[in-house]
Amino acid sequence: MASYLHPETMTDALGAIGAGTRILAGGTDLYPATQNATLAGDVMDLMALPNLRGIMQTDQGLRIGACTTWTEIARAALPPALTALQQAALQVGGVQIQNAGTIGGNLCNASPAADGVPPLLAVDAVVELVSATGVRVLSLQDFLLGPRKTARLPDEIMTAIVIPNTALEGHSTFIKLGARAYLVISIAMVAARITARDGKITGAALAVGACSATALRIRRVEGALVGQSLENAAATINAADVAAALSPMDDLRATAAYRTHAAAELLRRAVTETCKALA
Ligand SMILES: Cc1cc2nc3c(=O)[nH]c(=O)nc-3n(C[C@H](O)[C@H](O)[C@H](O)COP(=O)(O)OP(=O)(O)OC[C@H]3O[C@@H](n4cnc5c(N)ncnc54)[C@H](O)[C@@H]3O)c2cc1C
């Protein structure tokens with residue numbers, strides 16, 4: 001018989017989770033995905049669990065609880081390296097979705113168009129997965145295996161996203177392109193994080209989403225930006241290098257060619273904005 005579980009301790013949650021348990025956080029991906037009035041099977045609602053919500057500084061880095069909502073992220077006092085994440089938070093659906101939807105749900109749902117992913121890739125985020133047998137920590141890039149496919153095991157709960165202290169430097173920008181300005185699934189989106197000294201770029205992290213099976217970093221372009229002046233950096237971004245890293249698809253929202261073109265232009269704009277903030 002199907003059950004609704006609402007554990008209040010992690011011990012209870014890990015004791016009750018089974019191979020077929022459907023984990024529920026904000027439900028903003030899970031409910032629309034079902035064609036029925038109710039969710040089938042055993043459902044475990046995580047939202048009463050302690051320590052899964054909120055943002056705190058730890059020795060390892062900044063820890064964002066997996067059940068932290070987009071509204072909470074947007075309103076938090078975070079360093080400029082996470083401005084891109086906060087800009088993304090404000091563009092996930094509308095206010096109601098941001099109040100209910102969580103960062104962990106966005107990552108575990110593993111949509112190629114998940115807006116939370118590029119800003120987190122740009123800060124080398126790792127995810128923490130807990131099961132009755134222990135804790136696993138994976139880089140976000142390794143966690144995302146493909147559309148709707150992650151490295152999460154059926155008995156694991158994502159408890160947190162951790163951003164290492166070394167990646168909390170610099171400024172960042174997120175830009176999303178959709179068919180309209182609000183309440184839209186991304187055609188392409190980018191995040192840029194840049195560090196600089198004496199007017200020159202010392203480090204760059206660029207991530208593009210919705211243009212490949214999972215969002216990814218554009219390492220070649222990142223390398224080419226290092227040493228460039230803040231004024232000229234964006235102009236040096238080579239569209240062919242961006243295109244070489246991507247494998248977009250044609251769908252009802254855009255053609256692959258349009259996505260490729262858009263990704264390079266969005267990266268130029270994101271780098272321009274970030275360099276302005278650093279100048
Ligand atoms: C109208 C609308 C507009 C939207 N717009 C956007 C948008 O612009 N950009 C965007 O990126 N997304 C958008 N979304 C999708 C969704 O709101 C986000 O992906 C949100 O962050 C999902 O979080 P959630 O807590 O609601 O996840 P849920 O629906 O509760 O869960 C999603 C998946 O993750 C699993 N899961 C959740 N939490 C955990 C956990 N801690 N551990 C293990 N597994 C877990 C669930 O089992 C499920 O498979 C939109 C959705 C709607 C309905």
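One-based numbering, in listed order, for ligands and for the atoms of each.
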Who's closest to atom 26 (O) of ligand 1 heavy-atom-wise, of Thr21, Thr28, Val127? Thr28
Would you indicate whether Ile185, at its atom CD1, is surrounded by more than 12 heavy atoms from other residues, nucleotides or ligands within a distance under 6.0 Å? no
Under 4.0 Å from any heavy atom of Ala114, which atoms of ligand 1 are there? 11 (O)
Near Asn51 CG, under 6.0 Å, is it more than 12 heavy atoms from other residues, nucleotides or ligands? no
Given 3.5 Å as the limit, does a donor-acceptor pair link the side chain of Thr71 with the main chain of Gln98, or not? yes
Might you point out which heavy atoms bring Gly61 and Asn165 nearest each other, and give the distance in Å? CA-OD1, 3.2 Å
Which atoms of ligand 1 sit under 4.0 Å from any heavy atom of Gln91? 8 (O)
Quick check: does Asn106 get an N/O under 3.5 Å from an N/O on ligand 1? yes
Looking only at non-hydrogen atoms, the one of Thr69, Val92, Leu30 nearest atom 13 (C) of ligand 1 is Val92
Not counting sequence neighbours, which residues clear ring-ring contact (aromatic ring centres under 6.0 Å, His included) with Tyr31? List them please. none
Numbered atoms of ligand 1 (with element) below 4.0 Å of Val184, judged on heavy atoms: 8 (O)
What I want to know is whether Leu183 and ligand 1 share at least one N or O pair that is separated by under 3.5 angstrom. no
Can you give each donor-acceptor pair under 3.5 Å made by side-chain atoms of residues 13-24, sequence neighbours left out, with the distance rounded to 0.1 Å?
unit_1, atom_1, unit_2, atom_2, d
Thr21, OG1, Gly18, N, 2.7
Thr21, OG1, Gly18, O, 3.1

Could you tell me whether Glu128 approaches ligand 1 through its side chain, its backbone, both or neither, with non-hydrogen atoms closer than 4.0 Å? neither
Just which atoms of ligand 1 are under 4.0 Å from any heavy atom in Ala25? 25 (O), 30 (O), 37 (C), 38 (N)
I need the nearest protein heavy-atom contact for atom 19 (O) of ligand 1: residue, atom name and distance, please. Asp29 OD2, 2.6 Å
Does an N or O anywhere in Arg22 fall below 3.5 Å from an N or O of ligand 1? no
Under a 4.0 angstrom heavy-atom cut-off, which atoms of ligand 1 come close to Gly26? 24 (P), 25 (O), 26 (O), 30 (O)
Shortest non-hydrogen contact between Arg259 and Ala210, atoms and distance: NE-O, 3.1 Å
among protein heavy atoms, the one nearest atom 11 (O) of ligand 1 is Asp115 N, 2.8 Å
Heavy atoms, side chains only, cut-off 4.5 Å: are Ile201 and Cys275 in contact? yes
Can you tell me if Tyr31 has a non-hydrogen atom under 4.0 Å from ligand 1? no
Proximal candidate to atom 1 (C) of ligand 1 [heavy atom criterion; set Leu39, Asp45, Ile97, Ile23]: Ile97
In terms of atom number and element, which parts of ligand 1 are under 4.0 angstrom from non-hydrogen atoms of Ala66? 41 (N)
Taking atom types as modelled and ignoring hydrogens, do the side chains of Thr9 and Thr11 form a donor-acceptor contact shorter than 3.5 angstrom? no
Within the 4.5 Å heavy-atom criterion, are Leu82 and Leu168 side-chain neighbours or not? yes
Out of Cys108, Gly93, Gly65, who is nearest to atom 44 (N) of ligand 1 when you count heavy atoms only? Cys108
Which value, rounded to the nearest 0.5 Å, describes the distance between Ile103 atom CD1 and Arg53 atom CZ? 13.0 Å
Give the atom numbers and elements of ligand 1 that come within less than 4.0 Å of a heavy atom of Gly27. 24 (P), 26 (O), 28 (P), 29 (O), 30 (O)
How far is atom 40 (C) of ligand 1 from its nearest protein heavy atom, and which residue and atom name does that atom have? Leu46 CD1, 3.5 Å
Donor-acceptor pair, side chain of Glu156 and main chain of Leu153, under 3.5 angstrom: yes
Tell me, which protein residue and heavy-atom name are nearest atom 41 (N) of ligand 1, and how many Å apart are they? Met158 O, 2.9 Å
Backbone N or O of Gly54 within a donor-acceptor pair of the Thr68 side chain at under 3.5 Å? yes
Protein contact to atom 31 (O) of ligand 1 [nearest heavy atom, distance to 0.1 Å]: Gly105 CA, 4.1 Å
In ligand 1, which numbered atoms sit nearer than 4.0 Å to a non-hydrogen atom of Trp70? 20 (C), 21 (O)
